[in-house]
Amino acid sequence: MTARNQPGLPKSRFVSRILFACVLCTLVLAQPEGKQLTIYAPQASYSVPIIERGGLEYADLVGTLEPLGSVSTKIEGRKLKLSFNKSQGEFTQEKTKSKLAKKSIDLPAPFRIEDNRGLLPLSAVPQVLSALTGMTPDYHATSRRLFLNGTATRYTVDTKKDPSRLVFTFTSPVNPVIATDAGHLRMTFRREPLLGSAPANYDGKQVAFSEQNGVAQIDVATGIPLIASFGDGARTITLTPVAPPSVPAQAAVPAPIPPMIGSAAPAQPPPRPRNAVVIDPAHGGDDTGATLAPGVYEKDITLAFARRLHQELETRGIVALILRNNDVSIAPEQRASSANASGASLYVALHASASGAGVRIFTFPFSEAVTRSVTFIPWDEAQRRFLQASSTAASALVTQFLKQDLPSQAIAAPVRPLNNIAASAVAVEVEPPPSADAEALQSPEYQKTVAAAIAAAIAGLHPEAR
Amino acid sequence: MSRRLLIAVLALLIAVAALGYYVGRLKRHAEIAALATPEASAPIPASGSQEHITIYVPNDSQGSLMKRDAVATTANDSNSRARAALRALLSACRENGSPHPISGAPDIDAVFIVDNNLAVIDANAALSKGHASGIMVEQLTVAAMAETLAANVPGITRVKLLVDGKDSGTLAGHLDLNAVYDIATFKDWIAQ
């Protein structure tokens with residue numbers, strides 16, 4: 001029963017409940033702060049949110065496997081049947097006995113089935129991935145980082161050429177988020193399978209490696225302000241002291257550098273992801289969206305596309321947030337509120353349709369220009385002042401799809417909640433490729449092609465974010 | 001327990017079981033009837049004269065509108081003429097092999113012309129129910145209605161779609177029907 005239905009409910013309690021609900025929604029949607037498992041495989045690096053049930057930690061079975069191959073599940077009563085590439089598996093609700101690739105295995109905790117998805121005990125993820133992919137796992141349990149088949153990036157530190165500088169050389173290109181404050185610099189590696197070594201001292205500069213919650217960090221303590229620069233195709237990062245100030249000490253602290261991925265930013269407060277992208281898989285929960293084929297719902301296809309797009313964006317060093325990472329219903333207003341609160345510069349709603357062929361990009365149509373000198377912008381017109389930027393994003397997406405030989409066009413259509421978004425906003429409706437039926441929307445190859453094209457277009461919009 | 005009581009209990013149990021079976025059958029029949037697609041009934045012609053009119057039929061695969069001739073029973077007043085034109089459009093969408101199929105029995109309950117330029121279309125719920133779901137496919141229906149009205153009722157520049165007399169949120173899950181559509185925005189959609 002809602003507060004509105006209780007006639008005697010005091011107004012203050014009603015307001016406090018609304019506030020509590022808002023805080024709860026914000027917490028639920030603020031996934032980047034939550035616990036996560038990061039998996040590093042030769043073909044992809046990706047993070048999976050951790051779900052806690054009964055004091056145990058779980059990961060979504062499909063989410064852990066999807067970037068590694070073609071995966072599908074079928075729930076029959078208390079059993080979940082898994083198909084991954086050419087291997088089959090079977091899990092039972094609340095049981096530890098499972099079958100994988102014709103072998104019986106014991107999970108360390110009971111398997112769970114919730115909302116038509118399987119939840120795998122976190123500690124079983126290395127065992128299950130190894131059984132299904134044949135890759136050797138190396139699991140760092142305390143930091144929740146899983147390395148498959150020896151995937152790793154290592155680094156060395158050099159001060160030989162110039163003792164005032166620290167040169168980090170990595171075995172593969174990296175793109176960390178870098179934050180600085182006076183005398184301290186932190187590099188956070190979200191996607192790189194970085195492995196480190198013991199803390200060391202280089203001419204008074206302390207360098208320490210640490211890993212936690214699926215990310216790796218290198219902290220450098222020098223006592224003087226540092227700036228970072230990339231070189232050798234992002235294989236080296238050089239830390240250089242800022243020139244000594246000639247003004248009084250009070251003004252010596254360097255002005256905060258605008259937060260940006262891949263560049264230096266103030267450590268406190270945390271950098272705001274200015275060029276972040278919010279991915280909104282449309283529909284979810286009771287709202288299944290279109291029925292694209294028997295038993296195939298739009299809500300599931302949009303989620304699959306969203307996960308692939310998230311991966312493609314992060315591969316390109318672009319911070320991406322997914323508004324819905326499981327099968328839940330979210331109201332359009334709530335989606336818009338979360339997107340606006342994230343401070344992201346681009347909102348991409350993903351839809352799928354069985355009609356037509358190719359990919360269509362929609363922006364919100366506002367019939368006439370309105371010039372108002374008001375402090376507050378009407379909620380339904382939040383998008384109006386970003387229309388030009390939205391059209392630019394739509395054009396970039398169309399160009400990228402046409403390069404992939406996919407029919408594409410940019411169209412204006414009133415689709416909620418595009419009008420409530422206070423940033424560039426587009427809705428992308430993915431249709432089957434030419435001469436294919438709706439089943440093609442489930443194809444991992446097609447999903448990857450579309451996601452890669454969207455990511456490439458977005459990367460082109462914000463080249464400085466790379 | 002006496003023999004009579006036992007027989008009475010058994011008879012009652014058999015009666016309950018038979019009644020349960022009968023109720024189950026009735027329920028199943030009702031479900032099947034509800035699931036069955038309603039027979040596509042031909043629109044009841046409005047009183048008036050037969051006339052060749054222009055309609056714009058959506059083509060889902062091309063994402064465009066195709067100009068077509070149709071025969072409709074038209075009347076002199078703008079409201080009835082607009083309704084007849086839209087019913088001819090829906091009939092075309094219900095034909096076998098239509099490039100923009102709408103199943104069931106979609107119909108237009110009324111069209112109200114407001115201020116000589118805004119057409120408020122009141123469609124029945126079957127239009128939403130039988131319509132494919134998707135942004136483009138839903139927008140094509142609105143575009144086809146708008147262009148068909150513009151071709152047959154002079155002066156119409158904007159359209160608004162209601163379902164069962166109400167603002168229904170979306171047409172089939174995507175397109176916001178709270179909006180008033182400017183017909184001029186659909187001109188480019190007509191296939192040349």
Side-chain angles (χ1 to χ4, degrees), chain A residues 282-284 286-293 296-299 301-302 331-332 349-368 380-381 383 407-420 426-438 441, chain B residues 35 37 57-66 93 98-103 117-118 128-146 157-161 167-191:
Chain A
H283 312 288
D286 294 338
D287 173 14
T288 60
T291 303
L292 303 171
V296 180
Y297 299 113
E298 186 183 1
K299 64 172 183 175
I301 298 296
T302 58
L350 293 172
H351 290 263
S353 173
S355 304
V359 185
R360 298 183 208 269
I361 319 298
F362 298 90
T363 52
F364 198 89
F366 286 104
S367 50
E368 74 279 356
D380 282 339
E381 296 190 8
Q383 172 61 192
S408 185
Q409 60 185 134
I411 301 164
V415 183
R416 296 288 312 278
L418 288 182
N419 56 323
N420 306 129
V426 293
V428 176
E429 186 170 70
V430 186
E431 297 161 357
S435 311
D437 58 20
L441 292 167
Chain B
L35 283 173
T37 307
V57 180
N59 183 328
D60 291 349
S61 59
Q62 302 293 325
S64 61
L65 303 176
M66 302 182 302
C93 294
S98 163
H100 181 77
I102 301 176
S103 61
N117 62 48
L118 169 65
S128 278
K129 202 175 168 189
H131 202 287
S133 180
I135 304 172
M136 188 64 190
V137 76
E138 290 173 42
Q139 175 116 320
L140 277 168
T141 294
V142 174
M145 287 181 165
T157 56
R158 297 177 300 147
V159 293
K160 160 92 179 154
L161 183 58
D167 267 328
S168 67
T170 63
L171 178 52
H174 293 85
L175 201 70
D176 187 5
L177 290 190
N178 292 307
V180 173
Y181 291 84
D182 194 343
I183 292 176
T185 59
F186 300 125
K187 280 285 173 235
D188 294 342
W189 293 38
I190 298 169

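Because only heavy atoms are used, hydrogens play no part in the values below, and waters and symmetry mates are left out as well, while side chains stay in. These figures come from a predicted structure and were not determined experimentally.
To the nearest 0.5 Å, atom CD of residue A:Gln409 and atom CE of residue B:Met136 are 5.0 Å apart. Note: B:Asp176 CG to A:Phe364 CZ = 6.0 Å, rounded to the nearest 0.5 Å. Here B:Leu140 contributes atom CG and A:Ile411 contributes atom CD1; the two are 8.0 Å apart, rounded to the nearest 0.5 Å.
Between B:Ser133 and A:Glu298, the shortest heavy-atom contact is OG-OE1, 4.5 Å. Here the closest non-hydrogen pair linking B:Asp60 and A:Arg360 is O-NH2, 3.7 Å. Shortest non-hydrogen contact noted between A:Glu429 and B:Ile135 is OE2-N, 2.5 Å.
Counting only heavy atoms from C-beta outward, the side chains of A:Pro414 and B:Tyr181 approach each other to under 4.5 Å.
Between the side chain of B:Gln139 and the main chain of A:Ala412, a donor-acceptor pair closer than 3.5 Å is present.
Every residue two or more places apart in sequence or in another chain was checked for a salt bridge (Lys or Arg N to Asp or Glu O under 4.0 Å) with A:Asp287, and none qualifies.
Other residues, nucleotides and ligands contribute at most 12 non-hydrogen atoms within 6.0 Å of the OH atom of A:Tyr297.
If you tally non-hydrogen atom pairs under 4.5 Å between each of A:Ala427, A:Ala413, A:Ser353 and chain B, the highest count goes to A:Ala413.
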